[in-house]
Protein chains: 2
Amino acid sequence: MMELTRKGEYAIRGIVYLAKQSPGKVILVSEVAEATGVPQTFLAKIFQSFAKLGLVNSFRGTGGGFLLGRPAAKITLRQVVEAVEGPIIPNRCLSDEGNCGRTSECTVHPVWRRIQEEIAAILDGVTLEDLAKGKKSL
Amino acid sequence: MMELTRKGEYAIRGIVYLAKQSPGKVILVSEVAEATGVPQTFLAKIFQSFAKLGLVNSFRGTGGGFLLGRPAAKITLRQVVEAVEGPIIPNRCLSDEGNCGRTSECTVHPVWRRIQEEIAAILDGVTLEDLAKGKKSL
DNA sequence: GGTAAAAAAGACAAAAACGGTCTTAAAGGG
DNA sequence: CCCTTTAAGACCGTTTTTGTCTTTTTTACC
Ligand code: SF4
Ligand code: SF4
């Protein structure tokens, strides 16, 4: 239940690898893919979506590649996860569309809201800097 | 991300409906299905798996139906969810098989473990009695 | 015993999500 | 112009989800 997809796992591995590089260094997606054990074309797709959101910057052509879009300390794990998996929604009644009509009187609904908040808070509390430097964030 | 399936949602709705009945009363799956807005045959499957785990008791034939297998206060939301969705595994490295080989040195792994523990704790803290009686459990 | 009422069990299947690949285009360096 | 590298999007096989349908078994009641 509630399992991160491979896309999400790959996304984290890939961007954490970038965060471990010296700031400003441009890295090839092929290098990241090999180092992290992620299928290259799949990782390329993931990085493209990161680029759209500004999480990473990209350069094309010879000498191109990827690097973080802002300092590792300013990127949270939540931002990374939500970039590829969408918002954290433990149950559909927490999304705008998924209203089941019972939300107001439902006694279960607040439980899911609480879980949503807890997960979000944990992921908000971890930055790429923490992950890259191996900080004991717990 | 991390969304409860419809099966899980239906399971909760169905068993909470049972928990709202006066103890000992036998209820038809057709009644539960109608009251909760769940497809009857699907709910029947769910209740069958509940029965195997002892979460509910069932009686066949005329006058048959379902009732809780033990007092509502002794059934947690976690037990219900895990009965139909399996264990709470936010990332595959938390399952026995899903070992990615980096678990020991990975800095992300502890984050998922923490999330797993938090979700489990929240769901452990809510019983069917709470849900049936509308207790403000948060 | 016969019949009707229910759950149990399991096969079946459409639709969606997942986990990628492949091709083509665009941009940049030399 | 040619090579490298990312961008964009079509495509596709597999698995999971979300059920349905049929048959069997159990039980109550007449
Ligand atoms: S938890 Fe309650 S509000 Fe949310 S989908 Fe289920 S019944 Fe509806
Ligand atoms: S979080 Fe770390 S240990 Fe878990 S699957 Fe990802 S790389 Fe492996």
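Keep in mind the model is a prediction, meaning the values are calculated, not measured. Quick note on labels: first sequence line is chain A, next is B, and so on, each numbered from 1.
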When you measure from every atom of DNA chain D, which of [range] have a heavy atom less than 4.0 Å away?
range: residues 2-11 of chain A; result: none
range: residues 84-91 of chain B; result: none
range: residues 26-35 of chain A; result: L28(A), V29(A)

In Å and rounded to the nearest 0.5 Å, what is the [atom1] to [atom2] distance from [X] to [Y]?
X: K25(A); Y: Q21(A); atom1: NZ; atom2: CD; value: 5.5 Å
X: T103(A); Y: R113(A); atom1: OG1; atom2: CZ; value: 9.0 Å
X: E117(A); Y: L94(A); atom1: CD; atom2: CG; value: 9.0 Å

So, with a heavy-atom separation below 4.0 Å from DNA chain C, the residues of residues 36-48 of chain B are K45(B), Q48(B)
*Are E9(A) and N91(B) close enough that a side-chain donor and a side-chain acceptor fall under 3.5 Å?*
yes
Identify all pairs in which a protein N or O lies below 3.5 Å from an N or O of nucleotides 28-30 of chain D, and state each distance.
none

Residue set satisfying side chain to side chain contact (heavy atoms under 4.5 Å, CB included) with A72(A), at least two apart, ordered chain then number -> A19(A), L68(A), L128(A), E129(A)
| request: Treat each ILVMFWY residue as a node, draw an edge where side-chain heavy atoms are under 4.5 Å apart, and state whether L67(A) and V38(A) are in one component. | output: no
**Prompt:** If two hydrophobic side chains count as joined below 4.5 Å and joins carry through other members, does I15(B) share a cluster with I27(B)?
**Reply:** yes
query: Are V84(A) and F50(A) side-chain neighbours, meaning at least one heavy-atom pair lies under 4.5 Å?
result: yes
[X] [atom1] - [N] [atom2] separation (whole Å):
X: K52(A); N: dT6(D); atom1: NZ; atom2: P; answer: 16 Å
X: L53(A); N: dA7(D); atom1: CG; atom2: P; answer: 13 Å
X: F59(B); N: dT25(D); atom1: CZ; atom2: C1'; answer: 16 Å

